[in-house]
2 protein chains.
Amino acid sequence: MPTPERTSLEEIVRAARDLLESSGHEGLTMQAVAHRVGVRAPSLYKRVRNRGDLVALVADATLRELGARVEAAATHADDDPRLALARLVRAGRDFARERPAGFRLILAPGTDLRLDPASLEAASAPVLRVAARLAGEERVLDAARTFTAWATGFVSMELAGAFRLGGEVERAFEFGLDRLCHALAIPAS
Amino acid sequence: MPTPERTSLEEIVRAARDLLESSGHEGLTMQAVAHRVGVRAPSLYKRVRNRGDLVALVADATLRELGARVEAAATHADDDPRLALARLVRAGRDFARERPAGFRLILAPGTDLRLDPASLEAASAPVLRVAARLAGEERVLDAARTFTAWATGFVSMELAGAFRLGGEVERAFEFGLDRLCHALAIPAS
DNA sequence: ACCTGAACACCGTTCAAGT
DNA sequence: ACCTGAACACCGTTCAAGT
């Protein structure tokens, strides 16, 4: 005798993401997720293999949302690639502030967690496009990697509270962005 | 009636660090640590308040070791700050490869974990010294932050396996290092 | 076909009882 | 003064039994 579905994978992942932000990684328990979606813990195993699988789904959903944000920030169609780059990294930074725990999850995935290559590609595509305009086709990859490394490092240091003096952070951000654009632009010696 | 001490805080932290690297964050259990030092789990609470406290001690010990490594790399007394900077970041990179789990712990600390400011300061002092030589006193802080952000971001991307093509990583590293040195050096326009 | 309670192994932590 | 077994609450996961 069929039973009506009382929840869905989408709802489960959404609950898990919210829980991750509100209660941290260790607060993301199967029981807490189940309670949020109005079901008992064992029922989750109908849609999800185990907790690790759910965490991977949370990471992927977060990565995809980050990609969409960055993509949206890149479609303003600027003339100046520096302005575009500034908007890209600001979009990522805003996202990291909204979902710090999720951002950390995709920044420093655990031993096992493997991010979906397709999601990674989608998230980096806009950066590559702008990097090509700034640094030229021959150096796209190196330039994009340098830029991405700085941006993710800056944001993670910010999240970790590595900067003690609040007001200075914004200046360090502007400084780094400006210097990097100079260093990566085509006519760089 | 006194009982002879069967272990020590130092031994416990060392066991916890090894366990973190070999079994990951979730493998770092009180029981596993206790077993390693030849004691039962409840005995650990004589030296450590709880698991979170132990994790914080692990993070601090790791940060201090990283600081010592970076400091050692900085004391070659070069003339060229660019070479010194290259050695600094290579030291950090080597360390991250030896202790990836520990590195991730100090890079992206959990919600609660607070790193000891003194340890953070000791680890960043060498970077500040070299940054001052490269970028000048007025811009030390901004330069050091830009450089540190790039280095930590690069290493964490490397650890996360964000670079798919092995051979290219070294070139991207050299590229970034070279471009950053150019961008941060005193005569930068 | 989905949901559940019961059960199992495991974990962190406390505490009274041992030496 | 340190160590331990027993106990408790909690967690992930499985599974037979319900509908």
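Here is the naming used below: chain letters follow the sequence lines, and residue numbers restart at 1 for every chain. Source: prediction; values computed, not measured.
By the criterion of side-chain heavy atoms lying less than 4.5 angstrom apart, applied directly or through intervening Ile, Leu, Val, Met, Phe, Trp or Tyr residues, B:L177 is not grouped with B:L83; the two fall into different hydrophobic clusters.
One interatomic measurement links the two molecules: CG of A:N50 to P of D:dT14, which rounds to 8 Å at whole-angstrom precision. Rounded to a whole Å, the CG atom of A:L9 is 17 Å from the C1' atom of C:dC3. Rounded to whole Å, the distance from OH on A:Y45 to C1' on C:dT4 is 14 Å. Rounded to whole angstrom, the span from the CZ atom of A:R49 across to the P atom of D:dT14 amounts to 11 Å. The distance between atom CD of A:E5 and atom P of C:dC2, rounded to the nearest whole Å, is 5 Å. Distance A:L44 CG to D:dT14 P: 12 Å, rounded to the nearest Å.
For B:R47, whose side chain is taken as the heavy atoms from C-beta onward, the closest listed nucleotide among D:dT13, C:dC3, D:dC2 is D:dC2. For A:R51, counting side-chain heavy atoms from C-beta on, the closest listed nucleotide (C:dT14, D:dT13, D:dC3) is D:dT13.
Residues from residues 30-43 of chain A that place a heavy atom under 4.0 Å from any atom of DNA chain C, listed by number: A:V39, A:R40, A:P42, A:S43.
D:dT19 is paired with C:dA1 under the Watson-Crick or G-U wobble criterion, all donor-acceptor distances under 3.5 Å. Across all strands shown, D:dT14 forms a Watson-Crick or G-U wobble pair, both distances under 3.5 Å, with C:dA6.
Applying the 4.0 Å criterion to OP1 and OP2 of D:dT4, one finds that B:R6 has a side-chain N or O inside that range.
Here B:E5 does not pair with B:K46 in a salt bridge; the nearest charged N to carboxylate O distance is not below 4.0 Å. In this structure, B:E11 does not pair ionically with B:R14, as no charged nitrogen and carboxylate oxygen lie closer than 4.0 Å. For the pair A:R99 and A:D18, the salt-bridge criterion is met [side-chain N within less than 4.0 Å of a carboxylate O]. Between B:R93 and B:E158 there is a salt bridge, with a side-chain nitrogen of the basic residue lying less than 4.0 Å from a carboxylate oxygen of the acidic one. Salt-bridge formation is detected for the pair B:R90/B:E174: a Lys NZ or Arg NE/NH1/NH2 atom is positioned less than 4.0 Å from an Asp or Glu carboxylate oxygen.
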Could you tabulate the donor-acceptor pairs under 3.5 Å formed by side-chain atoms of residues 52-60 of chain B, not counting sequence neighbours?
residue : atom : partner : partner atom : Å
B:D53   : OD2  : B:R49   : N            : 3.1
B:D60   : OD1  : B:S119  : OG           : 2.6
B:D60   : OD2  : B:R64   : NE           : 3.3

